[in-house]
Amino acid sequence: MAEDSCSVKEMETELKDNPCSSEDAFAVNPKKKKSKAKGKVKSQHEGKEKTHRKIKTPKEESMDFEDRRSQVNVKEEADKDPDFVTEGKGKKRKRKADKADGRSSTSEATLPKKKKKKVAEEGQGNSPIAKKKKIKEKKEKVKKEEGGCSVSTKKKKTKEEIEAARALKIKKKEEEEKQRWRWWEEEKYEDGIKWKFLEHKGPYFPPEYQPLPDDVKFYYNGKAVKLSLPAEEVALFFAQMLDHEYTTKEVFRNNFFRDWRKEMTLEERQLIMDLNKCDFGELHAMHKQKVETRKNISKEEKLVNKEVNQKIVDEYGFCVLDHHRERIGNFKIEPPGLFRGRGDHPKQGMLKKRIRPEDVIINCSKDSHIPEPPAGHCWKEVRHDNVVTWLASWTENVQGSCKYVMLNANSKLKGEKDWEKYEVARRLKSCVDAIRTQYQEDLKSKQMGTRQRAVALYFIDKLALRAGNEKEEGETADTVGCCSLRVEHITLHDTLDGQKCVVEFDFLGKDCIRYYNKVPVAKRVFKNLKLFMENKQGGDDLFDRLNTQVLNKHLSSLMPGLTAKVFRTYNASITLQQQLKELSNMKENVAEKLLSYNRANRAVAILCNHQRAPPKTFEQSMANLQAKIDSRKEQLDLAKKELKQAKKEAKGSTDNKLLIVVEKKKKAVKRCEEQLLKMEVQATDREENKQIALGTSKLNYLDPRITVAWCKNMEVPLDKIYNKSLRDKFAWAVDMTEHDFVF
DNA sequence: TAGATAACTTAGCATCTTCAAG
DNA sequence: CTTGAAGATGCTAAGTTATCTA
């Protein structure tokens, strides 16, 4: 998040210059007047544009879509902009909205039902016999190795152990595969029922706080102070973070100090009045020491730790859902600590409290073995609600929101939902043209609300913006999505770089990731934007007649199950499909095909603005790779020379030896060339990927069936693209997708 | 029927693990 | 065998949407 850190830096200098706490800064922050230009639509604008421009046909529009990826300005440009600071904004934006009907449920989505009869619980591997055989072989192998050379050196033995462990792992994997629940071949449950039986052990609680040893002291105002346990624990949270830049931020420090004092005893509170007089040095040093020793532990200890962890996973990491053992995603209760929100979060530094069993609600079957709370404790509640998917929940104290323990992505519950998501997106494909035509038409509407809706939809569709819910002021960082865009977030250019009607976007989106883009838009959109911005200030809402409920209500009337985020899924998947078709070629080798895939993936990531901070070691590792390429090039030159020489010598000769040498050299050249190409491809890929994150779209937006089908057609092994977890998560797609799948 | 909240998806970064090169 | 980069996984914050409640 380069731009993030950039604004952070600026924040800091600002803070240095201005010694008042930023809490004060917040209070002082002049609220921008929000002049809601209600009913200010000038009707004479209507219809004017007809003379200038005909409505785009869906086809023309879709051409726009194709070169969308080139429009997205990768953020370097934005990075350079030193003026980029989003000011703390004025007010809470709560508006009354037409109530969303809520009747349009996604559950109507019809999954392509494979009318197969229920498969037996154990599930059938593709070729169970072959698998069993394999497993047997493995077992024998393991046995052999175990018995084989027992009188060997210690080293060898551990090696063997590793080998055995590996074999065991493979065996385990195969068993796993065999036991995979092929839920996608079963009938779905009716209306909202998520399970009929659910049993688990409850969440795993982090270990209790271990008091400081006596020789590690906290000092206040130069004097050693023995803190009470609760205060000490919180002090340690802060001490541990001392290397982080954010412990220097005023908001963070103030929030921390306020919450810390709440944990203190009366005397402590009376003594410790100023954070600047606190010396956490020894605590910090102790923590660093601990990290260091943890890093240096022996292999044996590591193995022991691993086993201990595995035991925890085995005990708490699984549940039984409708007769199948399923992995739980996050079975560990979040440990206490200091809250660190993203970006400029007003609550950063606040204490995230320790969760006790008394805070936790358990959800499971009535007839299951109810999880035991830790000794001496009880649950807040045990309920048996089978229309939800969570196993346990608690309320987090910083934001007051609910946290849930849910299943792993490879579970039936998650998989089915995911599948459904892509089916909804595919349904959008069949009616997207009509919807586009409609919103183009709506741009001319007499109703201001309708026009705003149309423009918002245009953005959501064309630029893959998020819906943009309203947020409560002061509770979170100031970020926006489509519906919550403010006037200050866009700049209109009648012409820019030879293009007409360019909208320049500059705002912080989810996770405070900057969205910066200059996009030529339809003239009518441009005109509407001008209209929406009339008589408004920077801090005013661009779409003052619109919110996500209104928008989604409208969308669901166009297609059941349609909401704003479906457009992101749809456009991401369709872009991947198009790009793959365009970029990849059967003639390429696997490395090149993978580059093509990554490029298609990248087009999607750019569309969705999935960014990452360039890896810290990026420059170095790039240079290393380049060095390797150079040396390989030299090798290649050498090999070529040698080949020439060999050819020369062999010319006219019938000496078999010489001919063989020529062949050898030829092979060497070829190998060199291949390796070089591979590295060069890798270098290109990495460079292009510098600040783009491919993972998010792969995980959340791209219909896996597109990828599976592409792999089949291109003869690329799937595991070159999907790692184990992805293959598990998308098991349904891997299993059911034929080569002719079309999104 | 709006506003609150519950439920669930999406997100990037941190950390742990693995694997390949030196 | 060591080192470091890449890749995988873990963590939890931050969104969206559905649903509840007064």
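Here is the naming used below: chain letters follow the sequence lines, and residue numbers restart at 1 for every chain. Quick caveat, the model's predicted, so the values are computed rather than measured.
The nucleotide whose nearest atom lies closest to any side-chain atom of A/Gln399 is, among B/dA11, C/dA14, B/dC16, C/dA14. Taking every side-chain heavy atom of A/Lys352 into account, C/dT12 is the closest of C/dG15, C/dT12, C/dT16. Side-chain atoms of A/Glu334 lie closest to C/dT12 of the nucleotides B/dA7, C/dT12, B/dA11. Closest contact between the side chain of A/Arg327 and the listed nucleotides C/dA18, B/dG12, C/dG10 involves C/dG10. The side chain of A/His345 lies closest to C/dA14, out of C/dT16, B/dC8, C/dA14. Among the nucleotides B/dT10, C/dA14, B/dC8, the one closest to the side chain of A/Phe339 is C/dA14.
In this structure, A/Ile513 places its CD1 atom 6 Å from P of B/dC13, rounding to the nearest Å. The separation between A/Gln549 atom CD and C/dT16 atom C1' is 11 Å, rounded to whole Å. At whole-Å resolution of the value, NZ in A/Lys510 and C1' in B/dA11 are 5 Å apart. Straight-line distance from the CG atom of A/Asn547 to the P atom of B/dT1: 15 Å, rounded to whole Å. Put simply, CG on A/Asp728 is 16 Å from C1' on C/dG10, counting in whole angstrom units. If you take OH of A/Tyr404 and P of B/dA6, they are 6 Å apart, rounded to a whole angstrom. Following rounding to the nearest Å, A/Lys417 (NZ) and B/dA7 (C1') show an atom-to-atom distance of 8 Å. If you take NZ of A/Lys565 and P of C/dA18, they are 9 Å apart, rounded to a whole angstrom.
Distances shorter than 4.0 Å separate none of the side-chain N or O atoms of A/Ser393 from OP1 or OP2 on B/dA6. Between A/Thr563 and the phosphate of C/dT17, there is a side-chain N or O to OP1/OP2 separation shorter than 4.0 Å. In this structure, A/Lys471 reaches the C/dG15 phosphate: one of its side-chain N or O atoms is under 4.0 Å from OP1 or OP2. Checking the phosphate oxygens (OP1, OP2) of B/dA6, no side-chain nitrogen or oxygen of A/Lys403 falls inside 4.0 Å. Taking only side-chain nitrogens and oxygens, A/Arg568 comes nearer than 4.0 Å to OP1 or OP2 of B/dA11. Phosphate proximity of B/dT9 to A/Asn700: absent, as no side-chain N or O sits under 4.0 Å from OP1 or OP2. Distances shown here put a side-chain N or O of A/Asn552 below 4.0 Å from the OP1 or OP2 atom of C/dT17. For A/Ser401, no side-chain nitrogen or oxygen approaches OP1 or OP2 of C/dA13 to under 4.0 Å. Applying the 4.0 Å criterion to OP1 and OP2 of B/dA11, one finds that A/Arg466 has a side-chain N or O inside that range. Of the side-chain N and O atoms in A/Thr389, none sit less than 4.0 angstrom from OP1 or OP2 of B/dA7.
In this structure, A/Ala477 reaches neither bases nor backbone, as no heavy-atom distance under 4.0 Å exists between it and the strands shown. Within 4.0 Å (heavy atoms only), A/Asn469 reaches at least one base atom of the nucleic acid. A/Lys347 comes within 4.0 angstrom of nothing in the nucleic acid, heavy atoms only. A/Thr476 comes within 4.0 angstrom of no nucleic acid atom, judged by non-hydrogen atoms across all strands. As judged by a 4.0 angstrom heavy-atom cut-off over every strand, A/Lys302 is placed among residues making no nucleic acid contact. Across all strands, A/Gly468 comes closer than 4.0 Å only to sugar-phosphate atoms, never to a base (heavy-atom distances).
A salt bridge links A/Glu423 and A/Arg426; the closest N-O separation between the charged side-chain nitrogens and carboxylate oxygens is under 4.0 Å. Checked for salt-bridge contact, A/Lys414 and A/Asp418 miss the test: no charged N lies under 4.0 Å from a carboxylate O. Between A/Glu334 and A/Lys403 there is a salt bridge, with a side-chain nitrogen of the basic residue lying less than 4.0 Å from a carboxylate oxygen of the acidic one. The residues A/Asp511 and A/Arg342 are annotated as salt-bridged, a charged nitrogen and a carboxylate oxygen being separated by less than 4.0 angstrom. A salt bridge is defined here as a Lys NZ or Arg NE, NH1 or NH2 lying under 4.0 Å from an Asp or Glu carboxylate O, and A/Glu416 with A/Lys188 fails to meet this definition. Between A/Asp259 and A/Lys347, none of the side-chain N atoms (NZ, or NE/NH1/NH2) sits under 4.0 Å from a carboxylate O, so this pair counts as no salt bridge.
Each end of the helix from B/dT1-C/dA22 to B/dG22-C/dC1 gets its own axis from five base pairs, and the two axes differ in direction by 10°, given to 10 degrees.
Under the 6.0 Å cut-off for aromatic ring centres, A/His489 and A/Tyr515 do not qualify, their centroids lying 6.0 Å or more apart.
Between A/Tyr204 and A/Phe331, the two ring planes are perpendicular [angle over 60°; tilted spans 30° to 60°]. The aromatic rings of A/Phe238 and A/Phe256 sit parallel to each other, their planes meeting at less than 30°, with 60° as the upper class boundary.
Of the residues near DNA chain B, A/Val387 and A/Cys608, the one whose nearest nucleotide (by heavy atom distance) lies more toward the 5' end is A/Val387. Along DNA chain B, the nucleotide nearest A/Trp390 and the nucleotide nearest A/Leu699 are compared for position; the residue whose nucleotide lies closer to the 5' end is A/Trp390. Between A/Cys482 and A/Leu726, the residue anchored nearer the 5' end of DNA chain C, judged by the nucleotide with its closest heavy atom, is A/Leu726. Place A/Pro335 and A/Asn723 on DNA chain C by their nearest nucleotides, and A/Asn723 ends up nearer the 5' end.
Every pair passing side chain to side chain donor-acceptor pair (under 3.5 Å) that includes a residue from residues 693-704 of chain A is listed here, sequence neighbours excluded: A/Arg568-A/Tyr701, A/Asn601-A/Ser697, A/Asp703-A/Arg705.
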